[in-house]
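Following this message is one structure expressed as structure tokens.
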Amino acid sequence: AMEATAAFLIPIIAEAGQLRGVRQGSQLSTTVPLKNRSEVHGYHAGQLRGAPVLQASRVVRRREFDCTVQMVGTSPMDFMENLKKQLGGAPQTNGSQAAPASVVAVASENKLIDTFNKAVMNTYIRYPLVIVRGEGCKLWDDKGKEYLDFVAGIATCSLGHAHPELTAAVAKQMATVNHVSNLYYIPVQAELASFIINHSIADRVFFCNSGAEANEGAIKLARKYAHTKLNISNPVIITAHASFHGRTLATITATGQPKYQKDFEPLMPGFRYVEYNNVEDLEKVVAEVNKDGPCLAGIMMEALQGEGGVRPGEKAFFKKARELCDATGALLIFDEVQVGVGRTGTLWGYENVGVEPDVFTTAKGLGGGVPIGMMACKERCDVLTPGTHASTFGGNPLACAAAMCVLTAIERDNILANVAARGEQLRAGLGKLIQKYPAILKEVRGWGLINGLELAANCGVQSGDVVGKASELGLLLVPAGPTVVRFVPPLIVTAADVDKALAIVDAALASFPTK
């Protein structure tokens, strides 16, 4: 650890988005006890240039501004020298120096935040917002500030917040029967499964509680299918680099990103990775997997990579994946946890790539914010039997009632047309901003209402910077990696909402210096 004054520490945090030259792996944490019970909570500084997210969720501030900073992954001398260069000189030791407004704004005596940080595991770097109310595409914090929500719980609140029909459906089900075991027949579960079958390629549906669970179910199904139908003893599932399939042990192994797998070894065996949208790489890896005999159980892909930077799937790639599965008997599995249920302007993501999967999963938007996940498959690969897979809460009356409300509204209110129109409007507007800020912005890509705005290389701005500034101006966005800003509003977003969001993004971008 090295000692520094808070007059030095606070500018480090406030200007973290401007720092360069900090070594890869660097992190800040504080180890100082409180004197006057004043703390800065949950400050999210984005990502340092060439380094991971700055960990500053519990930065301690004393009255005289002394604190201890512990730098992990680089030497204190290197760190200090880099910061001196960036901040224009040696650390200040004058305890009367005022903290920048951007940090003062997150100083909080909020007892809820204090209780939260003491009681809840620190698995998120949280923004210093306490959201207390929502309506439609708007949210309000505990200070009464209004935000336009283009996060939607990360593509989850399909009908926005406090939707009257969803509220009524959930309340009615709670007043009737909210949960019974899957040992019994549940009418609304049958209704929901029938709707999905009638509106997709599926013949059978399994319900669970989350996207990770849905993908776990798909992995289990593919392995059991390989063992029982293909006589494969060591099944392999191919996924993509930069993918994201969940945070359970099997799904982080399926996720082709080492940063999610670090420190959770040994990982689950039986996975190989290919470059997304690369036909030649896919053919090569399939050949390697089957080199000594059939081993390929499935090819599992996102129709559009969300966490991997909002990268839409290409038809040629998925056509080849379908052909390879047909030739080998393997299952083609689509992870639609983020893009299913209308997010892309079609009910299912696979409709955008021109092929039918054997298995597909979804979760986020299905319940409109009520937890529910789903794995669906064609009859020929319906191999799960009693005792081989189950879920206590999966498909319970409460969750299924919420999902039925969401799907009914999407179909009845022609929400898919709104998704397509608002998506085109958003991409057109972002395209104009690319022309206006060519030194900062590179491109916009996406389908429907899942869109990514990619920042230009070496522009000096990262996605966390844009998200942070937009939040200050009243717009909630979410990064998809360090260089992509993700736009995933509720599916009911209006043309006026999109225009307002574009104006705020414009103002946010105008605040950054250009080279």
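Just so you know, residue 1 is the first one in the sequence shown, and it goes up from there.
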Open item on the list: Between the side chains of Glu443 and Arg445, is the shortest nitrogen-to-carboxylate-oxygen separation below 4.0 Å, so that they form an ion pair?
Closed with: yes
- [ ] Supply the atom-to-atom distance Ser471 OG to Leu129 CG, rounded to the nearest 0.5 angstrom.
- [x]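 Between atom OG of Ser471 and atom CG of Leu129 there are 4.5 Å.
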TODO: For atom NZ of Lys442, decide whether the heavy atoms of other residues, nucleotides or ligands shown that lie under 6.0 angstrom number more than 12.
DONE: no
Open item on the list: Per the side-chain hydrogen bond (donor to acceptor under 3.5 Å, both in side chains) rule, what does the pair list look like for residues 297-314, sequence neighbours excluded?
Closed with: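 For residues 297-314: Glu307-Arg486.
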Task: Any donor-acceptor pair under 3.5 Å from Thr408 side chain to Val406 backbone - done: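 Not at all, since once roles are kept as given, no pair shorter than 3.5 Å links the two residues.
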Open item on the list: Using a 3.5 Å distance criterion without hydrogens, assess whether the side chain of Thr388 forms a donor-acceptor pair with backbone atoms of Leu384.
Closed with: no
- [ ] Measure the shortest side-chain to side-chain distance between Tyr225 and Arg380 over non-hydrogen atoms and say whether it is less than 4.5 angstrom.
- [x] yes
Task: side chain to side chain donor-acceptor pair (under 3.5 Å) assessment of Gln425 paired with Asp499 - done: CA-CA 8 Å; Gln425 177 189 357; Asp499 285 341; 2.9 Å; yes
Open item on the list: Working note: Glu213 + Ser210, criterion side chain to side chain donor-acceptor pair (under 3.5 Å); need CA distance, chi angles, decisive distance, verdict.
Closed with: CA-CA 5 Å; Glu213 288 178 72; Ser210 68; 3.2 Å; yes
- [ ] Examine distances only and state if a side-chain atom of Ser391 and a backbone atom of Cys208 form a donor-acceptor pair shorter than 3.5 Å.
- [x]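 No, the answer is negative, given that no donor and acceptor are paired below the 3.5 Å cut-off.
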Task: Any residue meeting salt bridge (Lys or Arg N to Asp or Glu O under 4.0 Å) with Arg204, in chain and number order, not counting sequence neighbours - done: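 Salt bridge (Lys or Arg N to Asp or Glu O under 4.0 Å) check on Arg204 returns Glu379, Asp382.
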Task: Check: Asn209 side chain, Gly373 main-chain N or O, donor-acceptor pair, under 3.5 Å - done: no
- [ ] Compare all side-chain heavy atoms of Leu112 with those of Asp142 and state whether any distance is below 4.5 angstrom.
- [x] no
Task: Pair Lys320-Glu323, salt bridge (charged side-chain N to carboxylate O under 4.0 Å, His left out): steps then yes or no - done: CA-CA 5 Å; Lys320 178 55 65 176; Glu323 291 173 354; 3.1 Å; yes
Task: Side-chain heavy-atom pair Leu477, Val505 within 4.5 angstrom cut-off - done: yes
Open item on the list: For the backbone of Met374 and the side chain of Thr361, can you confirm whether one donor and one acceptor N or O come within less than 3.5 Å of each other?
Closed with: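 Flag not set: sc Thr361 to bb Met374 has no pair under 3.5 Å.
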Open item on the list: If you define the side chain from C-beta out and look only at heavy atoms, does anything of Ile333 sit under 4.5 Å from Met301?
Closed with: no
- [ ] Output yes when a side-chain donor or acceptor of Gln261 lies under 3.5 Å from a complementary backbone atom of Ile252, and no otherwise.
- [x] yes
Open item on the list: Any donor-acceptor pair under 3.5 Å linking the side-chain atoms of Tyr437 with those of Asp506?
Closed with: yes
TODO: Answer yes or no: is there an ion pair linking Arg322 with Glu356, defined by an N-O contact shorter than 4.0 Å?
DONE: no
Task: Donor-acceptor pair between Glu191 and Ser194 side chains, under 3.5 angstrom - done: no
Open item on the list: Looking at Lys145, I'd like to know if its NZ atom is crowded, meaning that more than 12 non-hydrogen atoms belonging to other residues, nucleotides or ligands lie closer than 6.0 Å.
Closed with: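 Correct, the count exceeds 12.
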- [ ] Identify the heavy atoms of Ala297 and Ala226 that sit nearest to each other, and give their distance.
- [x]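 It is CB-CB, 3.7 Å.
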Open item on the list: Quick check: do Val488 and Leu449 have side-chain heavy atoms less than 4.5 Å from each other?
Closed with: no
Task: Within 6.0 Å of NZ in Lys138, more than 12 heavy atoms from elsewhere - done: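 12 or below, so no.
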Open item on the list: How close do Leu159 and Ile492 get, counting heavy atoms only, and between which atoms?
Closed with: O-CD1, 3.1 Å
- [ ] Can you label the angle between the Phe487 ring and the Phe150 ring as parallel, tilted or perpendicular, going by 30° and 60°?
- [x]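 Correct class here is perpendicular.
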- [ ] List the atom of Phe317, the atom of Asn278, and the distance in Å for their closest heavy-atom pair.
- [x] CD1-N, 3.4 Å
TODO: State, with a plain yes or no, whether a side-chain heavy atom of Asn178 is found less than 4.5 Å away from one of Pro397.
DONE: no
Task: Candidates Phe360, Phe334, Trp447 - the one meeting ring pair (Phe, Tyr, Trp, His ring centres under 6.0 Å) with Trp348 - done: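 Of the listed residues Phe360, Phe334, Trp447, the ring pair (Phe, Tyr, Trp, His ring centres under 6.0 Å) partner of Trp348 is Phe360.
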Open item on the list: Is it the case that the ring center of Tyr350 lies less than 6.0 angstrom away from the ring center of Phe318?
Closed with: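 Between Tyr350 and Phe318, which both carry aromatic rings, the centre distance is not below 6.0 Å.
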Open item on the list: Do Phe393 and Phe207 make a side-chain contact, defined as non-hydrogen atoms from C-beta onward lying under 4.5 Å apart?
Closed with: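 No - every pair of side-chain heavy atoms lies 4.5 Å or more apart.
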Open item on the list: Side chains of Glu411 and His199: any donor to acceptor distance under 3.5 Å?
Closed with: yes
Task: Residues Asn215 and Thr251: side-chain donor-acceptor under 3.5 angstrom - done: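 Result is no, nothing qualifies.
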Task: Within-4.5 Å side-chain heavy-atom neighbours: Leu332 and Leu324 - done: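 Answer no - side chains too far apart.
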Open item on the list: Could you check whether atom CD of Glu135 has more than 12 heavy atoms from other residues, nucleotides or ligands sitting under 6.0 Å from it?
Closed with: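 Incorrect, the count does not exceed 12.
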Open item on the list: Determine whether a donor-acceptor pair (N or O, by modelled atom type, separation under 3.5 Å) exists between the side chain of Glu265 and the backbone of Asp263.
Closed with: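 Pair found, side chain donor or acceptor close to backbone of Asp263.
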Task: Aromatic centroids of Tyr147 and Trp140 separated by under 6.0 Å - done: no
- [ ] Could you tell me whether the side chain of Asn277 and the main chain of Gly313 form a donor-acceptor pair under 3.5 Å?
- [x]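 The answer is no, because no donor-acceptor pair under 3.5 Å joins these two groups.
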Open item on the list: So does Gln462 get a backbone contact from the side chain of Asp465, meaning a donor-acceptor N/O pair under 3.5 Å?
Closed with: yes
Open item on the list: Using modelled atom types and a 3.5 Å cut-off, is there a donor and acceptor pairing between side-chain atoms of Ser243 and backbone atoms of Thr239?
Closed with: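 Looks like no, no N/O pair under 3.5 Å.
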Open item on the list: Could you walk me through whether Leu148 and Cys137 satisfy the side-chain contact (heavy atoms from CB on, under 4.5 Å) test, starting with their C-alpha distance in whole Å, then the side-chain angles of each, then the deciding distance to 0.1 Å, before giving a yes or no?
Closed with: CA-CA 6 Å; Leu148 181 57; Cys137 295; 4.2 Å; yes
- [ ] Taking all heavy atoms of Ala152 and all of Pro489, pick out the closest pair and write down the distance.
- [x] CB-C, 3.9 Å
Task: Spacing of CG belonging to Leu331 relative to CG belonging to Leu221, to within rounding of 0.5 Å - done: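 The CG atom of Leu221 is 6.5 Å from CG of Leu331, to the nearest 0.5 Å.
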Task: Distance in Å, Arg422 CZ paired with Leu491 CG, rounded so as to fall on 0.5 Å steps - done: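 Reported to 0.5 Å precision, the distance equals 12.5 Å.
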Open item on the list: Rounded to the nearest 0.5 Å, what separates atom OG1 in Thr362 from atom CD1 in Ile196?
Closed with: 8.5 Å
